[in-house]
Amino acid sequence: MNLAFDVIVIGGGHAGCEAAAAAARTGARTALVTQSANTIGVMSCNPAIGGLGKGHLVREIDALDGLMGRMADEAGIQFRMLNRSKGAAVRGPRTQADRKLYRLAMQAELRDYPNLTIVEAEALELLADQGQVTGLVTSVGRFVSGSIVITTGTFLRGMIHIGDERIAAGRFGDKPSNSLSDSLLKHGFDLGRLKTGTPARLDGRTINWSILDEQQADSEPEPFSYLSAGIKQRQVSCFITRTTLAGHRIIQDNLHRAAIHSGAITGRGPRYCPSIEDKIARFADRDSHQVFLEPEGLDDPTIYPNGISSSLPTDVQAAFIRTMPGLENVEIFRTGYAIEYDFLDPRGLKTSLETKHVAGLFLAGQINGSTGYEEAGAQGLVAGLNAARRACGKDAVTFGRDNSYIGVMIDDLVTRGVSEPYRMFTSRAEYRLSLRADNADQRLTPLGIQAGCVGFVRQSQFERKIERINSAVTRLQNIMMTPKEAGELGFSVNQDGVRRSAYELLAYPDIDFLRMADARPELKDIDRKTAEQIEIEAKYAVYLERQAADISAARRDEALAIPSDFDFLTVAGLSNEIKARLSAIQPETLGQASRVEGVTPAAVTLLAVMLRRHQKSLRMAKA
């Protein structure tokens, strides 16, 4: 077999699915190479999508016509809007998904996806010539392509650890990808090691649910996707238990048997999602930790105990788990484990997620040092889109910190690198007032349309939504009231004689759209979703105006491009350390250079002067 494709995507996990679909949506002839088509879309760890920060990423994937949001809506069995009582900027949609339904929905979506061929094979060797990728050798033959996306998750030299037991695997039951690691080393890439983990899986039929705290789904589930009409799956509850001092003592007595404490694992794990043995060791003063018991499916008794991932031996895990309320007699389907795997330093990537070392090679997901389905999916979409654009000779599409959480994540990775698996939080975004989950389509769908990755159905739906919003805002702005008139309608406003529009009055904390529509019947035909969007925008308007000024100021320096051949070593006045850091990372803009660790404000000012001189000399030379 010897076939040519515009884009080849390696790996069928969340990054690979989004990469393959994004490339195919642009019209590129795309191959998705995976060891087994039956494992496409598998949720290897917790079958949940979204959360704080992560839910923002899913909405952004959806705004760019990606898959994850729609698949989560197909399979979601417990939808909750986190931080609902707080401001819209920090609310995060989340769903517990049915593991089987999610996988089947993703496979059905990709099976008949236009321009996409699924190839069941093991990726063995990257082919490159003079610094340009040219193809891929697989277990079923050689494929030709100038754009390849690697999305291997935990498969690169993956090693499972359970106590002192070692199992070579990409995940439980699947063999690792050792040959591809060897090929990356051969092409001059340096590989590091990271680790993540997963807890034991429990038999829900053996849990005493009656004594546990119940966490119900929202009464009105809110979909992830702007295209979803509603949620069709039955909604179920999760439950909460806690660890006990007796369980802590079992772990403390056996810490020397845990792989992450015995020295068997060299890779760093995620600080914000530690194993239970890490929690016990780091927070010795705590006598209890919360554990969420989350169902894995509507017709599956398996329960995921969120919060107790572990690399302890099987017997220790069982003894510890049975000290928790409700789990005294629980049966364990599968022992938890830690998994260690190779990754590449993401500072070796451009903001397009193309490697600087080999042209045409793109990376997405855990190979870049991130963790989580949502982070992987978002990177996959960007990498797949840019791989396709490169294949047809177009410039890369990049995302900024000012327009998306995707941009925040990619800038963090390529500028700062990672010392532990990277996870998205709302606190990472300096412009989070404007980067809300509710307005992801308004921020990104126009960009996606321009980039060619948004289809006709989504574009039409988006244009109709914007028409509804604009029409409703115009009507609100045309309704003017004096403070006296507003007061007569029950609105408490400043008695300053200033006439205000109904839209301006919505900025007042005690005035919502429902009250406004009750007072002005001509607004009653505006649909609920449009009204919610307008109300959020109105209440944030003053703050958004201030933030827009900050963004505009930041963009002036952010957009100052650094030529790819710019020699930082020639910039007089920079310390040797700063020169070395900038030379190693090769930032693409002054804004990116300013975020490189150790680069001082004075160094940024000096660099800006040099870059402007460089631009001026180029203009004079052309003249």
What pair of heavy atoms forms the shortest contact from Gly417 to Asp345, and how long is it? CA-OD1, 4.2 Å

Mind checking whether Cys45 and Tyr304 have side chains closer than 4.5 Å, heavy atoms only? yes

Contact summary for Ile321 and Ala200, nearest pair of heavy atoms: CD1-CB, 3.8 Å

Could you tell me which non-hydrogen atom of Thr95 sits nearest to which non-hydrogen atom of Ile77, and how far apart they are? OG1-N, 3.7 Å

Is any side-chain heavy atom of Asn403 closer than 4.5 Å to one of Arg443? no

Gln461 side-chain N/O to Tyr226 backbone N/O, donor-acceptor pair under 3.5 Å: yes

With distance as the sole test, does Asp73 use its side chain to make a donor-acceptor pair with the main-chain N or O of Pro223 at under 3.5 Å? no

Main-chain N/O of Leu126 paired with His187 side-chain donor or acceptor, under 3.5 Å: yes

If every non-hydrogen atom of Ala72 is compared with every non-hydrogen atom of Tyr102, which pair is closest and at what distance? N-CE1, 3.7 Å

With rounding to the nearest 0.5 Å, note down the distance linking CD1 in Ile8 to CZ in Phe143. 7.0 Å

Under 3.5 Å, is there a donor-acceptor pair between the side chain of Thr39 and the main chain of Val42? no

Hydrogens and angles aside, do Gln459 and Glu463 bring a side-chain donor and acceptor to less than 3.5 Å of each other? yes

Verify, without hydrogens or angle tests, whether Ser309 (side chain) and Gly197 (backbone) share a donor-acceptor contact under 3.5 angstrom. no

Give a yes or no on whether Asp203 atom CG has more than 12 heavy-atom contacts from other residues, nucleotides or ligands under 6.0 Å away. yes

Only one of Thr196, Thr152, Leu156, Thr151 passes side chain to side chain contact (heavy atoms under 4.5 Å, CB included) with Gln366; say which it is. Thr196

Validation row: Thr30, Asp6 side chains within 4.5 angstrom (heavy atoms): no

Whether the Ser181 and Asp342 side chains hold a donor-acceptor pair (N or O, under 3.5 Å, no angle test) is what I'd like checked. yes

Could you tell me whether the side chain of Ser44 reaches within less than 4.5 Å of the side chain of Thr198, counting heavy atoms only? no

Face-on cation placement of Arg428 at Tyr422 ring, 6.0 Å and 45° thresholds: yes

Decide yes or no for Lys175 and Phe155: does some side-chain heavy atom of the first lie under 4.5 Å from some side-chain heavy atom of the second? no

So, are Glu340 and Arg157 salt-bridged, with charged N and O less than 4.0 Å apart? no

Looking at every non-hydrogen atom in both residues, tell me the closest pair between Gly384 and Ala22 and how far apart they are. C-CB, 4.4 Å

Sub-3.5 Å donor-acceptor pair from the side chain of Glu374 to the main-chain atoms of Gly50, do we have one? yes

Phe224 and Phe79 aromatic ring geometry - parallel, tilted or perpendicular at 30°/60° bounds: tilted

Do Glu109 and Arg70 come close enough that some side-chain heavy atom pair is under 4.5 Å? yes

If you look only at distance, which donor and acceptor atoms sit under 3.5 Å apart when one is on a side chain in residues 113-121 and the other is two or more places apart or in another chain?
| from | atom 1 | to | atom 2 | distance (Å) |
| --- | --- | --- | --- | --- |
| Tyr113 | OH | Arg25 | NH1 | 3.1 |
| Asn115 | ND2 | Ala24 | O | 3.0 |
| Glu120 | OE2 | Ala37 | N | 2.8 |

Test log, rule side-chain contact (heavy atoms from CB on, under 4.5 Å), inputs Glu74 and Leu101: CA-CA 7 Å; Glu74 285 282 319; Leu101 292 179; over 6 Å; no

Could you tell me the separation between the CG atom of Leu191 and the CG atom of Leu344, rounded to the nearest 0.5 Å? 5.0 Å

With Asp300, the side chain to side chain contact (heavy atoms under 4.5 Å, CB included) member among Leu298, Ile303, Thr302: Thr302

Report yes or no: does Glu60 contribute a side-chain atom to a donor-acceptor pair with the main-chain N or O of Ala378 at less than 3.5 Å? no

Any donor and acceptor pair, going by atom type alone, linking the side chain of Gln233 with main-chain N or O of Ala75 inside 3.5 Å? no

Compute whether any side-chain donor of one residue and acceptor of the other, for Ser370 and Asn368, lie under 3.5 angstrom apart. no

Hey, mind stepping through Phe362 and Val9 against side-chain contact (heavy atoms from CB on, under 4.5 Å) and telling me if it holds? CA-CA 9 Å; Phe362 296 78; Val9 178; over 6 Å; no

Checking Leu180 against Glu122 for the side-chain contact (heavy atoms from CB on, under 4.5 Å) test, could you report, in this order, the C-alpha distance in whole Å, the side-chain angles of both residues, the deciding distance, and whether it holds? CA-CA 9 Å; Leu180 198 54; Glu122 181 181 358; over 6 Å; no

Ala63 backbone acceptor or donor facing Thr445 side chain under 3.5 Å: yes

Under a 4.0 Å N-O cut-off, is there an ion pair linking Glu294 with Arg94? yes

Do Met424 and His56 have side chains that get closer than 4.5 Å, going by heavy atoms? no

Rounded to the nearest 0.5 Å, the CG atom of Asp62 sits from the OG atom of Ser225 at a distance of 3.5 Å

Atom CD1 in Ile207, atom CG in Leu327: separation rounded to 0.5 Å? 5.5 Å

Side-chain donor or acceptor of Asp411 paired with backbone N/O of Arg401 under 3.5 Å: no

Over all atoms of both residues, closest heavy-atom pair of Gly297 and Asp98: CA-OD2, 3.2 Å

Establish, from distance only, whether the side-chain atoms of Glu277 and Ser310 form a donor-acceptor pair under 3.5 Å. yes

With a 4.5 Å heavy-atom cut-off, do Leu353 and Asn386 have their side chains touching? no

Report the residues that fulfil ring pair (Phe, Tyr, Trp, His ring centres under 6.0 Å) with Phe292, sequence neighbours left out, ordered by chain and then residue number. none

